[in-house]
Amino acid sequence: MNVLAAGTSAYHWTPPDAFREWVRAHKSRAAEEKLVSEQEAVARCVADGDYVAYDFSSLTRGPQALVREIIRQRRRHLWICAEFTLHETTLLVGAGCADRIDVGFLGYGDYIGRAVAEGRVRVCEWTNGALAYRMLAGARGIPFMPMRSLVGTDTFLRSGAKVVEDPFGGDPICLVPALHPDVFLVHVHQADVYGNARIFGTTLFALEAAIASKKVIVSTEEIVDPLEFRTDPAKTTIPHFLVSAVVHLPYGAYPGGVPGRYELDLEHVQRLNTLETDGQVQEYLDSFVFGVRSHAEFLERKVGWTRLADVMRRAAIKEGYR
Amino acid sequence: MERTAASTDTERMICVAARQLEDRTTVFVGWGIPQVVALLAERLHAPHLTQIFEFGAIGPQSLTPFVRGTMGGASNVYRSLQWTTMNWAFSYAAAGYLDTGMIGALQVDAYGNVNSTLLGGTYERPGRRFPGSGGGNEVASLCWKTIVVLKHEPRRFVERLDFMTSPGYLTGPGAREAAGLPRGTGPYRVVTSKALFGFDAESKRMVLLGVQRGCAADQVIRGMGFAPLVAEKVETLEPPTAEELAILRQEIDPGRIIIGRPGE
């Protein structure tokens, strides 16, 4: 195919057959119990240098407890897929865990912006749509995906996409490389011990990323009986054979919310959004991440029952979330 | 009763933008101000507007007061027609089902190209770094008509963008199609707190269509980094009506987080 234009950015890519072989060798298709602690899930599934993706956003059903555990275990040189990411990139970069970010939407707050401007973290430019299409290509087991957006812009030039001549129609068409994250983190409403999982509400690319990733950690608000899935199979978001580990983490999206369960804690989110200096970020990390040994301890000592009851009380809308 | 004459810049911008949305159409709604614009249009002249959020909420009837920040929260995606995924939301746009898209901007140029990535410096060492495209590039690429909403600061209207995040008409007539963007799409309106712009059918350059009552055309254009074309008859944009302000202030944003307060 004739390449008409190419972006200059590095991109994470695995040949489709290499991924298939990885799945065959490493992703168990057996329905086996995968319920572990967050410490064990992260220790086993997240390595230095890994490419890490997650779903949905920092404020809605984000895997915040798992991100804090990754920071506690001080992973290094992570490459983050930043789709709808707000404050967790601040924490990951501030803690020295991440040094490369694929940007769909990169947070707010001065800290992360300055980290990019000062070259402390490298960014690769994409769009939310391009990252979602890349994940879809990974899930389809194909090397790339054609798409109609991204082209014509500086975003394209700073991405890893290419424009080729459409072999069918002859017009220029943009191709984005398939994405196979090393790890996908997803926080769900319900899961069983095997990893079957349900999300109520929208997702960015939960199923696509679970298929496309080498390792998948599901953290869940509730553990349910496996029969739950077979009695209402249309509601299964992720089947067990895509999943590497299941962690029971109630309030695992805190300080964000889980629709139908609890709302975000605006006060805590504001505190994160206003972190500007290195000192402020380190102070936050010392208190809320390194200052506790587990998510349970975080909830007990740093959040407390009164606050949890309040965020639960505010989630009064239940329709669609059961 | 508050005097309706005293409206904020943001309220004027939101009201003009809302009036651009037609009933019984589909609109791709970006985060923040576009959400408020779509809500206002829906409460007034466009009750059958179908809003699409990029993370897969299709046709929500968002509850008010509007909850800022958490676009995916239960009250924002309330009573949607469909909850799906980002890939399907963008597919609706890519396949031609979305009439209008609405996005914000740090900078815009004469062809309606948009920057939301960085200001100043170089790409490697930007003066200030911002969130980047998000889904803005998809909205500007794929919807039939794009509306850009931004505060009226002349320095935001530049001859050359610091970074082109999302496509307008690129370098002029035919450039979008040559780049591979869908035929017949492109920026339609640029709405600011002082003015309304469109695009010339031939040259694809920005045209001043209207100015807020009390503003003069030359006053609006002064300081802009490029000279927009000026329509033969520049329309006077009416300030927000009492009804528009009541809905904005009492229903949508009683905390005045987005719309601000007169005199601020």
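Note on naming: letters A, B, ... go to the chains in the order of the sequence lines (proteins, then strands), and numbering restarts at 1 for each one.
Every ring-ring contact (aromatic ring centres under 6.0 Å, His included) that A/H268 has, sequence neighbours left out, goes to A/Y254, A/Y284, A/F288. When the salt bridge (charged side-chain N to carboxylate O under 4.0 Å, His left out) test is applied to A/K235, the partners found at least two apart in sequence or on another chain are A/D232.
With a 4.5 Å cut-off on non-hydrogen atoms, A/F84 touches chain B through its side chain but not through its backbone. Only the side chain of B/R128 has a heavy atom closer than 4.5 Å to any heavy atom of chain A. Residue B/A89: no heavy atom, backbone or side chain, is found under 4.5 Å from chain A. For A/T203, the parts lying under 4.5 angstrom from a heavy atom of chain B are both the backbone and the side chain. For chain A, the nearby part of B/L63 is the side chain; its heavy atoms alone come within less than 4.5 Å. Both the backbone and the side chain of B/S75 come within contact range of chain A, each with at least one heavy atom under 4.5 Å from a heavy atom of that chain. Both the backbone and the side chain of B/L181 come within contact range of chain A, with heavy atoms under 4.5 Å apart. With a threshold of 4.5 angstrom between heavy atoms, A/V123 approaches chain B through its backbone and through its side chain. Contacts between B/Y78 and chain A at a heavy-atom distance below 4.5 Å involve the side chain alone, from C-beta outward. In this structure, chain A has a heavy atom under 4.5 Å from the backbone of B/T84, while its side chain stays farther away.
Ranked by non-hydrogen atom pairs under 4.5 Å with chain B, the options A/G113, A/A82, A/G256, A/G129 are led by A/G129. Between chain B and the options A/A117, A/P259, A/G260, A/G201, the largest number of non-hydrogen pairs under 4.5 Å is found for A/A117. Of all the listed residues (A/I173, A/L150, A/D171), the one sharing the greatest number of non-hydrogen pairs under 4.5 Å with chain B is A/L150. Listed options A/L204, A/T60, A/V163 were ranked by heavy-atom pairs under 4.5 angstrom with chain B; first place goes to A/L204. Of the residues considered (A/T127, A/L131, A/V151), A/T127 shows the highest number of contacts with chain B, using heavy-atom pairs under 4.5 Å. Listed options A/E83, A/E263, A/M135 were ranked by heavy-atom pairs under 4.5 angstrom with chain B; first place goes to A/E83. The most heavy-atom pairs under 4.5 Å with chain A, out of B/W88, B/Y123, B/F90, B/F53, come from B/Y123. Among B/T171, B/I58, B/N87, B/T85, the residue with the largest count of heavy-atom pairs under 4.5 Å with chain A is B/N87.
Scanning residues 132-141 of chain B against chain A with a 4.5 Å heavy-atom cutoff picks out B/G132, B/S133, B/G134, B/G135, B/N137, B/E138, B/S141, ordered by number. Inspection of non-hydrogen atoms places no residue of residues 96-113 of chain B under 4.5 Å from chain A.
Around the NZ atom of A/K318, the shell of radius 6.0 Å holds more than 12 heavy atoms that belong to other residues, nucleotides or ligands. Atom CZ of A/R140 has 12 or fewer neighbouring heavy atoms from other residues, nucleotides or ligands inside a 6.0 Å radius. Around CD of A/E319, the count of heavy atoms belonging to other residues, nucleotides or ligands within 6.0 Å exceeds 12.
Checking A/H189, A/R261, A/H187 one by one against A/E221, the side chain to side chain donor-acceptor pair (under 3.5 Å) holds for a single residue, A/H187.
Put simply, CZ on A/F144 and CD1 on A/I142 are 7.5 Å apart, with the number rounded to the nearest 0.5 Å.
A salt bridge links A/R314 with A/D310: at least one charged nitrogen is closer than 4.0 Å to a carboxylate oxygen. Taking a cutoff of 4.0 Å between a charged side-chain nitrogen and a carboxylate oxygen, A/R307 and A/E267 qualify as a salt bridge. A salt bridge is defined here as a Lys NZ or Arg NE, NH1 or NH2 lying under 4.0 Å from an Asp or Glu carboxylate O, and A/R134 with A/D102 meets this definition.
In this structure, B/F197 has its ring center under 6.0 Å from that of B/F157. The ring of A/F205 has its center no closer than 6.0 angstrom to the ring center of B/F55. Aromatic rings from B/Y188 and B/F199 are positioned such that their centres are separated by 6.0 Å or more.
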Exercise for the section: Apply side chain to side chain donor-acceptor pair (under 3.5 Å) to B/T117 and B/T165, showing your working. Expected result: CA-CA 6 Å; B/T117 300; B/T165 310; 2.7 Å; yes
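In the model, B/R79 has no side-chain atom that pairs as donor or acceptor with a side-chain atom of B/Q61 under 3.5 Å. With 3.5 Å as the limit, one finds a donor-acceptor pair spanning the side chains of A/E88 and A/S58. Defined by atom type and a distance below 3.5 Å, a donor-acceptor pair is missing between the side-chain atoms of A/R198 and A/T236.
Note: A/Y321 and B/W83 have parallel aromatic rings, judged against thresholds of 30 and 60 degrees for the angle between ring planes.
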